[in-house]
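These notes concern the structure reproduced below.
Whatever order the structure lists ligands and atoms in, that order sets their numbers, starting from 1.
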Amino acid sequence: MQIIVDYAHAIGNLKHFWNSTGFTPASLLLNSDMRQNMTYSGSIPNSGLKYVRIHYLLELVSGSGFGSDDVVYDWSILDQAIDVLIENNLIPIFELMGNPSGYFNDMTDDIVAQVWRKFVRDLAVHYIDRYGLDNVRQWYFETWNEPDIGWWKQDNISFMIYYDGCSEGLKEADPELRLGGPGSARTLSPLFRDFLAHCDTGTNYFTGETGVRLDFISVHEKGVRNSPEDLNPNSMLITQQEISAVKYIREHHPRFADTPFMNNECDPQVGWKDFHSWRGRTYHAAIACKIIHQHVLHLIDGLGVNYTLLSNDHGFMGEWGNRTLLARFGDIEDQRAQAEYQTEQADLQEDISRRKFEAIKKPVLNVMALLSLLGDTRYEAIYTEGESDAIGVLATAHDDNQVAILIYHSQDKIISCGNQSIKLTLNNLTFKKARLAHYRIDHKHGNPFDMWEEQGAPRYPTQQQLTELRRYQEPTLLEPVRDLMIDEDTVALTFDMPLPSVSLIVLSVRPDNPPEAVTNLRLEHYNGLFDINQIMVKWEDKSNTRFVQTYDVYFRPSSDSAFERINPVDTICTCFLHVPSQTITHGDYKVRTVDYWGRIAESEIVSSGSVSK
Ligand code: 8U8
């Protein structure tokens, strides 16, 4: 198959609208395994994962004196939870969901409605004080999750009063805070329609004005219903259903035609906790790319939708077959809380150093790193010779010194195999020489699941087996980086793409400056399964991360010993879990950034005395 990209013709901007995940319930953020999950999520380069959408955050708040002049709130547990996001440079999609101290049961009671509005204001003021206005203005505040299928326990009229209270409360704290919804589960459900009508022409309960602000519209569409069987997802169903929502909005509420639109639970299949092994394999990474691309083609290009965000709801804690970013090993915890999407009070007393677990990054997490390398300008890609609808291409550039092309090979059918020979021709390039980095996810690259199977699928892997799995858990190059000479503005690359697979090809012009050192190097402590303290080393790269070949982590046990590299494979993510063979009481760490040309920059040193429990 021939793919030809014409770099003379930009066809538009590419917003990285897929940089989001989610899970439930919020209390999980108090646990060390979720903290590790958020660390890995925040470590995707270029904010490749930025937003996290979480149910029941408000179950972490309590208050007394609601309805009196002496309300006293206890934000402390919610603070701990949100801190975990903020520490990892993640931003909440903050569903105003939960019932603090069980007070808000009937929004048609005017006293309750007024207290709700004040509560929302006080919540927002509290977080503006805590994290700063600039930070909280980046958040998306959203309604209660899926109010159309029973998550909202009151009636539709109460829901509209609740929404007006959310809107007015947030406005009072800061008029620029963003609020939208309804995060509905069913396409064009009665509540979805009532909600849009209310925001368009209904009467605002608090102000008496016609209509209520709606800063974004959110829906949930997934590729197939929940089932313990391996039903094949229908990826196009997702965009088709979203298109019917968009058409409805345009026809009935033209005022909202350009309102930012999102599918913030855009998963191949409903039912995060059902076991579908494809969720641990490269299939999930490839279909995630295809679903994103279908949104670009059919919603953004096709209908001109102001498409703002696509979130996969894959931030849960679970195993290979669950819908998660990590495969977790250890005693199972939180099964009930996650299955019932509810907070368990015992979780609120969790001792953060208690849990013993190990976690391996899945291909669907690593694909977010690959996607983050895409540029922000799109170019046309033409496919010739044996066009296959299983192959898709997103061709991009970043400034005038880098091009990045995503190619995926994905069939909806879970059980399918094949191979495509690809000839990729890039025309009208503006540079004569570039460094080529070709990242790949397929059965042999970035795929710890197959290695785990080869190990005999151990339920409790040994330390050595985990070390081996971690060698396969990073974004991986298909071949070593190399120079490409570009004759007559054209270059052609040939390679095979097995089914399923993802390639991300980056051509970079050598920047004059070497990389900048990473900053904010810090350490976290985890218990593995073997009574040896594990140290998560994490850092921030505030500079241009687009030319990083690897961040290498160096360790020395004492100041009179030499630093040695401890990451066994290259990584472009901004954290590394140090699993020593015995507990370390002291040691120093530093991180060396290496760019595609081998130029380096070294961070400051941090000592393990500052490991936080
Ligand atoms: C049974 C069911 C049908 C449906 O159309 O949507 C659902 C959504 C259903 C059950 C739960 C449900 O909750 C959302 O989807 C979940 C999932 O596992 O797919 C979770 O990802 C979300 O937290 C939840 O909002």
Where does the angle between the aromatic ring planes of [X] and [Y] fall among parallel (under 30°), tilted (30 to 60°) and perpendicular (over 60°)?
X      : Y      : result
Tyr162 : Trp152 : tilted
His253 : Phe256 : tilted
Tyr248 : Phe192 : tilted

According to the ring-ring contact (aromatic ring centres under 6.0 Å, His included) rule, which pairs have a member within residues 73-92, sequence neighbours left out?
Tyr73-Trp75, Tyr73-Phe119, Trp75-Phe119, Trp75-His126
Ser41 versus Leu325, closest heavy-atom pair with distance:
OG-CD1, 3.5 Å
Only one of Phe206, Phe195, Tyr205 forms a ring-ring contact (aromatic ring centres under 6.0 Å, His included) with Tyr163, so which one is it?
Phe195
What are the atom names and distances for all N or O pairs under 3.5 Å between ligand 1 and the protein?
unit_1, atom_1, unit_2, atom_2, d
ligand 1, 5 (O), Arg186, NH1, 2.6
ligand 1, 13 (O), Glu146, OE1, 3.2
ligand 1, 15 (O), Lys222, NZ, 3.2
ligand 1, 15 (O), Glu265, OE1, 3.2
ligand 1, 18 (O), Gly271, N, 3.2
ligand 1, 18 (O), Trp272, N, 2.6
ligand 1, 19 (O), Lys222, NZ, 2.8
ligand 1, 19 (O), Gly271, N, 2.8
ligand 1, 19 (O), Arg323, NH2, 2.7
ligand 1, 21 (O), Lys222, NZ, 3.3
ligand 1, 21 (O), Asp313, OD2, 2.5
ligand 1, 21 (O), Arg323, NH1, 2.9
ligand 1, 23 (O), His55, NE2, 2.8
ligand 1, 23 (O), Asp313, OD2, 3.1
ligand 1, 25 (O), His55, NE2, 3.0
ligand 1, 25 (O), Asn145, ND2, 2.7
ligand 1, 25 (O), Glu265, OE1, 3.3
ligand 1, 25 (O), Glu265, OE2, 2.7

